[in-house]
Amino acid sequence: MWLSLFGTIGLSGYMPITDEIIERERQFLLQTYSRYPLVLQRGKGVFLYDLDGKRYLDFVAGLGVNALGHAHPRIVKAIREQAGRVIHLSNLYYNEFQGLLAEKLCKLSGLQRAFFSNSGTEAIEGSIKLARLAGHRVGGEAKSQLVGLEGSYHGRTFGAMSLTGQDKYRKGFEPLLEDVKFVPRNDLEALRAAVNDNTCAIVLEPIFGEGGIHECSVEFLKECRALADRHRAALIFDEIQCGLGRTGTMFAFQSFGVTPDIVAIAKPIAAGLPLGAFLAKEEFASAISAGQHGTTFGGGPLACRVALEYLAVVEEEKLLENVARVGQHLQEELKLLAGKSAAALEIRGRGFIQGLQLAIPARPIVEQALGEGVLFNSTQDTVLRFLPPFLLEEKHVDKGLRVLKKLLRNARKARDAAAS
Ligand SMILES: *Cc1c(COP(=O)(O)O)cnc(C)c1O
């Protein structure tokens with residue numbers, strides 16, 4: 001126990017010990033996460049390293065955040081340079097990069113104005129606030145209803161949670177926002193029944209992330225577009241997980257051919273620094289005025305400069321082409337695997353947002369993969385989710401799937417043994 005007396009890593013010079021780090025968290029953190037017993041210390045490209053220097057191939061990318069992998073030289077350089085100049089300035093003043101980033105995102109999306117937040121949840125929160133203002137402007141106080149999808153995930157604040165169509169995230173926190181109606185994904189009838197003149201926004205993920213990688217159909221998205229137009233409601237896409245390149249196009253909506261009025265983005269935008277944004281068409285953006293929304297941290301010079309660098313790297317290194325090509329390879333290999341393994345049922349998604357539906361619990365597979373030096377992620381209990389960095393190559397896919405194949409085979413053997 002003497003270790004804990006000198007327990008600050010780096011000060012006393014002792015080798016940090018995984019168990020001690022885990023134990024300290026058990027004592028001092030709110031117990032909100034069920035972490036894997038792994039302390040990661042550094043990364044390079046598509047690999048991460050633990051305290052013992054053991055290497056892991058990364059199919060998680062910080063839950064879709066580290067699209068440029070780890071320690072990308074251009075990101076490291078941009079952070080170093082900017083941190084030496086200025087990290088934060090209040091939104092009381094202009095900085096060199098916020099407007100440039102807004103301009104870039106508007107050009108890439110075809111939308112007209114941006115607001116910068118610190119997280120995805122806040123981007124959703126701001127989007128709904130904007131939709132309420134725009135709704136009230138054209139339809140009075142009654143035009144405040146929100147329509148969301150069953151099985152969706154939009155974040156943890158009260159607004160975002162109220163739009164999240166999964167009980168496990170909502171339970172215990174009621175009362176939530178009133179005036180939210182949920183419809184099943186791709187159910188045109190239910191959608192038509194839910195949207196009316198009092199609807200101020202339809203909010204959806206074109207590809208469900210936490211919900212288990214389920215895509216909205218183009219037909220459904222087109223109907224959302226038509227209904228939003230007819231009833232002067234905002235069509236809001238949550239592209240926090242599926243956007244900014246993961247589908248092989250810069251915005252997921254460009255893969256589906258349906259343009260929203262407002263799009264929320266976050267995860268990969270600043271290569272790991274906290275930054276989110278929502279982009280809006282002028283018709284909606286003009287509903288807000290000075291003082292009605294704001295943030296202390298959002299849109300600071302460091303995060304915005306790094307986000308510009310992120311977008312430049314994606315363009316200059318042609319990473320969207322890589323996502324499309326290697327994503328295709330990943331899908332084909334997963335299909336082969338599903339064809340051979342009774343434990344793997346279905347492949348969903350596209351590019352670098354894909355899910356493998358298992359017939360067995362996914363978490364044990366994820367845990368066993370740690371021993372094999374591969375990081376996978378699971379969601380919805382039985383879905384293996386792949387959100388790798390955009391730098392992933394075919395050979396990395398092959399390595400990851402060799403491990404997965406072996407683990408699924410072992411799981412089957414263990415089950416057969418238990419049954420006999
Ligand atoms: C992660 C996520 C959010 C929440 O973003 P945070 O940065 O965790 O607040 C919202 N919507 C989707 C689709 C997400 O994947």
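Both ligands and their constituent atoms are indexed starting at 1 by order of listing.
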For atom 1 (C) of ligand 1, the closest protein heavy atom turns out to be K267 NZ, 1.5 Å
Per-atom filter on ligand 1: closer than 4.0 angstrom to a heavy atom of G120 are 5 (O), 6 (P), 7 (O), 9 (O)
Partner of Q82 under side chain to side chain donor-acceptor pair (under 3.5 Å), picked from R305, K77, E309, is R305
T121-ligand 1 polar pair, N/O distance under 3.5 Å:
yes
Logged contact type for H154 with ligand 1, heavy-atom cut-off 4.0 Å, is backbone
Of all protein heavy atoms, the one nearest atom 12 (C) of ligand 1 is D238 OD2, 3.4 Å
inquiry  = Please check whether I240 reaches ligand 1 - meaning an N/O of the residue sits under 3.5 Å from an N/O of the ligand, judged on distance alone.
reply    = no
Ligand 1 to S119, heavy atom cutoff 4.0 Å, flagged ligand atoms 7 (O), 9 (O)
Checking Q166, R385, E210 against Q380 for side chain to side chain donor-acceptor pair (under 3.5 Å), the one that qualifies is Q166
Ligand 1 to E205, heavy atom cutoff 4.0 Å, flagged ligand atoms 13 (C)
d(L111 CG, D261 CG) to nearest 0.5 Å is 8.0 Å
- Determine the interplanar angle of the F376 and F59 rings, folded into 0 to 90°, and report it as parallel if under 30°, tilted if 30 to 60°, perpendicular if over 60°. tilted
| message | Is there a side-chain contact between K181 and N196 in this structure, where contact means two heavy atoms from C-beta onward sitting under 4.5 Å apart? | response | yes
Whether F115 and H293 hold their rings parallel, tilted or perpendicular, with breakpoints at 30° and 60°: tilted
| said: For the residue pair R113 and F284, would you count it as a cation-pi contact if the rule is NZ or CZ under 6.0 angstrom from the ring centre and within 45 degrees of the ring axis? | reply: no
task: State whether the shortest distance between N or O atoms of E122 and N or O atoms of ligand 1 falls below 3.5 angstrom.
output: no
